[in-house]
Amino acid sequence: MLHKVKLTVIDKKLFPELQTQYCADPNSGACACYNVGDEFIFERYGTADDFWHMGLNTLKQTAMTANGIAGGTTFPHCSEAWDAISRYIYTGLQGGSIMRGWMNDERVMIACCSDGTRPVIFKIERMDYKAVYLTNIESKDDQEMIRKAFMNLEDVSEVSFQDEYVEVYLKDDVQDEVLKDIAEGCGEYCVLKIDS
């Protein structure tokens, strides 16, 4: 299987009494690099290697403008956060167990940056998928028919169409032959290959 990692900011904390007592700027405030709800997707497939670039251009959703926000087009992840989350991201990108025995799903970890006066809390999720290369997809109707067929499988959680292939996200492994049969059973489509 191939793997991506989704990083979501699920909370931000602020301890003003600690900032007043210990920080050079006692009014530093909450972290300005992240916003609750920010989502980042890390990928290592084809020419993409988001880990190597410390998450630059991984920001997919934010409530703010991307300028000056971690993971945007000009700013990779904050070094304090990166130090705390990078090992889990790397493990997920390699298909490993992010936190076996601690979390109720070994593909997930809850972690936070090391700033004790204004920590940011992250949910880190390994996303397992297969890239199915198909011919003859010419319209949105073709995509919808194929998406519905894949989604009828119990272990398929999401289907995403890219320029050259279809990403089929899985909760558990599905044999390549099953995916091939489903796609080709939709009509005049031919599976060229499946990367997994």
Side-chain angles (χ1 to χ4, degrees), residues 1-10 34 37-62 70-72 76-114 120-134 137 143 146-147 149-184 191-196:
M1 256 190 281
L2 302 171
H3 313 281
K4 292 184 184 183
V5 171
K6 181 182 192 180
L7 178 73
T8 307
V9 177
I10 59 173
Y34 299 97
D38 285 354
E39 286 185 3
F40 309 86
I41 302 290
F42 287 79
E43 185 172 2
R44 290 184 99 182
Y45 181 65
T47 58
D49 191 347
D50 297 324
F51 185 83
W52 177 254
H53 300 286
M54 285 183 60
L56 189 63
N57 293 315
T58 57
L59 181 65
K60 302 303 178 200
Q61 175 180 306
T62 184
H77 287 270
C78 157
S79 60
E80 292 297 315
W82 188 249
D83 184 52
I85 63 178
S86 62
R87 71 193 91 188
Y88 304 119
I89 293 169
Y90 185 79
T91 299
L93 287 171
Q94 300 303 322
S97 171
I98 295 178
M99 193 46 70
R100 186 175 184 175
W102 175 245
M103 305 304 290
N104 61 15
D105 182 342
E106 69 178 23
R107 296 171 295 180
V108 175
M109 179 60 183
I110 305 299
C112 68
C113 73
S114 58
V120 176
I121 302 166
F122 301 94
K123 179 181 180 185
I124 305 159
E125 303 171 77
R126 187 185 84 209
M127 300 165 50
D128 304 330
Y129 73 101
K130 293 187 177 187
V132 181
Y133 289 77
L134 286 167
I137 299 177
Q143 290 181 356
I146 291 167
R147 188 192 73 74
F150 282 138
M151 290 300 294
N152 281 332
L153 284 174
E154 182 180 334
D155 288 321
V156 173
S157 60
E158 182 182 339
V159 176
S160 177
F161 287 83
Q162 305 304 317
D163 289 338
E164 297 179 17
Y165 55 91
V166 181
E167 294 174 342
V168 181
Y169 289 87
L170 304 168
K171 299 177 228 170
D172 203 357
D173 195 14
V174 174
Q175 296 299 313
D176 291 356
E177 277 302 312
V178 172
L179 296 176
K180 180 177 189 270
D181 290 345
I182 287 172
E184 291 182 349
V191 174
L192 301 174
K193 70 175 181 171
I194 298 176
D195 280 351
S196 54

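- Taking a cutoff of 4.0 Å between a charged side-chain nitrogen and a carboxylate oxygen, Asp173 and Lys130 qualify as a salt bridge.
- A heavy-atom distance below 4.5 Å is not found between the side chains of Ile146 and Val159.
- The side-chain contact (heavy atoms from CB on, under 4.5 Å) check on Glu80 picks up Cys78, Ser114, with sequence neighbours excluded.
- Across all their heavy atoms, Ile89 and Val5 have their closest contact at O-CG2, 3.5 Å.
- The salt bridge (charged side-chain N to carboxylate O under 4.0 Å, His left out) pairs that include a residue from residues 83-105 are Arg100-Glu106, Asp105-Arg107, where partners are two or more places apart or lie in different chains.
- In this structure, the ring-ring contact (aromatic ring centres under 6.0 Å, His included) partners of Tyr129, at least two apart in sequence or on a different chain, are Tyr169.
- Ring planes of Trp82 and Phe51: tilted class, angle from 30 to 60°.
- Between His3 and Gln94, the shortest heavy-atom contact is CD2-C, 4.0 Å.
- Nearest heavy-atom pair, Glu125 versus Ile98, reported as atom, atom and distance to 0.1 Å: C-CD1, 4.4 Å.
- Phe150 and Ala183 make their closest contact through CZ-CB, 3.9 Å (heavy atoms, listed as atom of the first residue, atom of the second, distance).
- Between Phe122 and Tyr34, the ring-plane angle classifies as perpendicular under the 30° and 60° cut-offs.
- No more than 12 heavy atoms of other residues, nucleotides or ligands lie within 6.0 Å of CD in Gln175, so this atom counts as exposed by the packing criterion.
- Using a cut-off of 4.0 Å between Lys/Arg side-chain N and Asp/Glu carboxylate O, Lys171 and Asp155 are scored as not salt-bridged.
- Tyr45 OH: more than 12 foreign heavy atoms inside a 6.0 Å radius.
- If you take CG on Asp50 and NZ on Lys4, they are separated by 9.0 Å, rounding to the nearest 0.5 Å.
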